[in-house]
Amino acid sequence: MTAGSPAPGGPAGGGHHGDGHYGEDLFEPKHPGEAERIDAAALAYDPVTTGRLRALGVAHGSRCLDVGAGTGTVTRWLLEEPGAAEVVALDRDTGGLAGLVDPRVRVLTADLTDESLAPGTFDLIHARFVLMHLRERRAIISRLAGWLNPGGLLVLADAVEVADPQDASSAYRRVMDAMWRALKSTIGTDTSSVPAYPRFLREEGLRDVAAELYCPPLVAGSPLAAFWSETWSRMRPDLEETGLVDGAVVDEALAYLASPGFAELGPGMLMAWGRRP
Ligand SMILES: C[S@@+](CC[C@H](N)C(=O)[O-])C[C@H]1O[C@@H](n2cnc3c(N)ncnc32)[C@H](O)[C@@H]1O
């Protein structure tokens with residue numbers, strides 16, 4: 001798997017030299033279609049996320065924190081769970097949460113990398129597809145664990161790719177590899193430590209640590225295919241800047257993604273959780 005591996009030569013030129021940020025140098029929240037892009041991925045993963053959260057249990061009177069809440073699909077689900085007494089929806093840009101009107105919800109506009117951030121203590125903290133985008137992820141996991149009440153659960157979810165080791169040359173593979181490399185070189189996204197999340201949770205002193213991996217079916221014409229198509233299209237200059245692909249390869253991958261013959265195991269989501277004793 002090359003996803004998240006260091007770029008040998010860095011961007012071919014004019015790149016961000018690894019100091020960019022999510023929401024500023026890529027995936028700007030004001031971009032028309034950004035909420036739809038996030039929702040398209042949420043649609044594919046929400047059933048697994050909410051199924052796992054329900055199985056873990058949202059005890060009566062729980063204070064919950066949804067970290068990097070995005071468009072708030074998980075926050076909304078938590079509000080429907082009978083146990084949730086309060087849900088804090090935290091994001092650096094909370095524009096996608098404007099419609100959230102509930103006396104039990106607190107929308108918190110904050111930057112997770114801010115070391116002085118102290119949103120309170122919680123019985124459930126959930127962070128999906130956000131830590132992988134932040135260079136400070138390991139230190140943030142420590143801080144999140146520190147915000148747990150005794151008995152509280154920390155649930156982390158991020159992307160993992162189970163790439164076909166026999167395919168180094170298809171347009172699909174080359175564009176996916178270019179995407180992970182470009183994400184790393186522009187905003188610091190790195191999925192290489194995601195499989196270590198169970199160990200990180202154990203290092204934080206959490207108990208009952210476990211993890212699972214889910215790769216949703218990636219089918220042409222599905223919302224998830226639209227998510228990848230939109231992501232690649234938006235990143236086209238960054239993809240080409242890696243030097244791994246040119247415009248023709250991106251076009252070929254986009255056409256393949258929309259074709260009836262499309263057949264790939266798409267990126268998955270690793271969920272890891274643990275409980276403060
Ligand atoms: C890929 S979206 C995931 C949204 C949501 N968790 C989901 O799974 O649908 C990443 C979210 O993290 C937020 N985010 C990125 N960097 C952040 C930071 N430093 N502090 C707080 N939120 C951040 C983004 O604004 C965005 O809403």
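Just follow the structure's listing: the first ligand is 1, and inside any ligand the first atom is 1.
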Quick note, side chain to side chain donor-acceptor pair (under 3.5 Å) partners involving residues 249-276, not counting sequence neighbours, are R236-D251, Y256-E264
Report each N/O pair between ligand 1 and the protein that falls under 3.5 Å, naming both atoms.
from: ligand 1; atom 1: 6 (N); to: G68; atom 2: O; distance (Å): 2.7
from: ligand 1; atom 1: 6 (N); to: R128; atom 2: O; distance (Å): 2.9
from: ligand 1; atom 1: 8 (O); to: R128; atom 2: NE; distance (Å): 2.6
from: ligand 1; atom 1: 8 (O); to: R128; atom 2: NH2; distance (Å): 3.2
from: ligand 1; atom 1: 9 (O); to: R128; atom 2: NH2; distance (Å): 3.2
from: ligand 1; atom 1: 19 (N); to: D111; atom 2: OD1; distance (Å): 2.8
from: ligand 1; atom 1: 20 (N); to: L112; atom 2: N; distance (Å): 2.9
from: ligand 1; atom 1: 22 (N); to: R92; atom 2: N; distance (Å): 3.1
from: ligand 1; atom 1: 25 (O); to: D91; atom 2: OD1; distance (Å): 2.5
from: ligand 1; atom 1: 27 (O); to: D91; atom 2: OD1; distance (Å): 3.4
from: ligand 1; atom 1: 27 (O); to: D91; atom 2: OD2; distance (Å): 2.6

Residues at least two apart in sequence or cross-chain that pass side chain to side chain contact (heavy atoms under 4.5 Å, CB included) with A196, listed by chain then number, are R199, F200
With sequence neighbours left out, the residues meeting side chain to side chain contact (heavy atoms under 4.5 Å, CB included) with H60 are none
Note to self: Within a 6.0 Å radius of atom CZ on R207, are there more than 12 heavy atoms belonging to other residues, nucleotides or ligands?
What the structure shows: no
To the nearest 0.5 Å, atom CG of L78 lies from atom CG of L124 at 6.0 Å
(message) Does the structure place the NZ or CZ of R234 under 6.0 Å from the centre of the six-membered ring of F27, at an angle of no more than 45° from the ring's axis?
(response) no
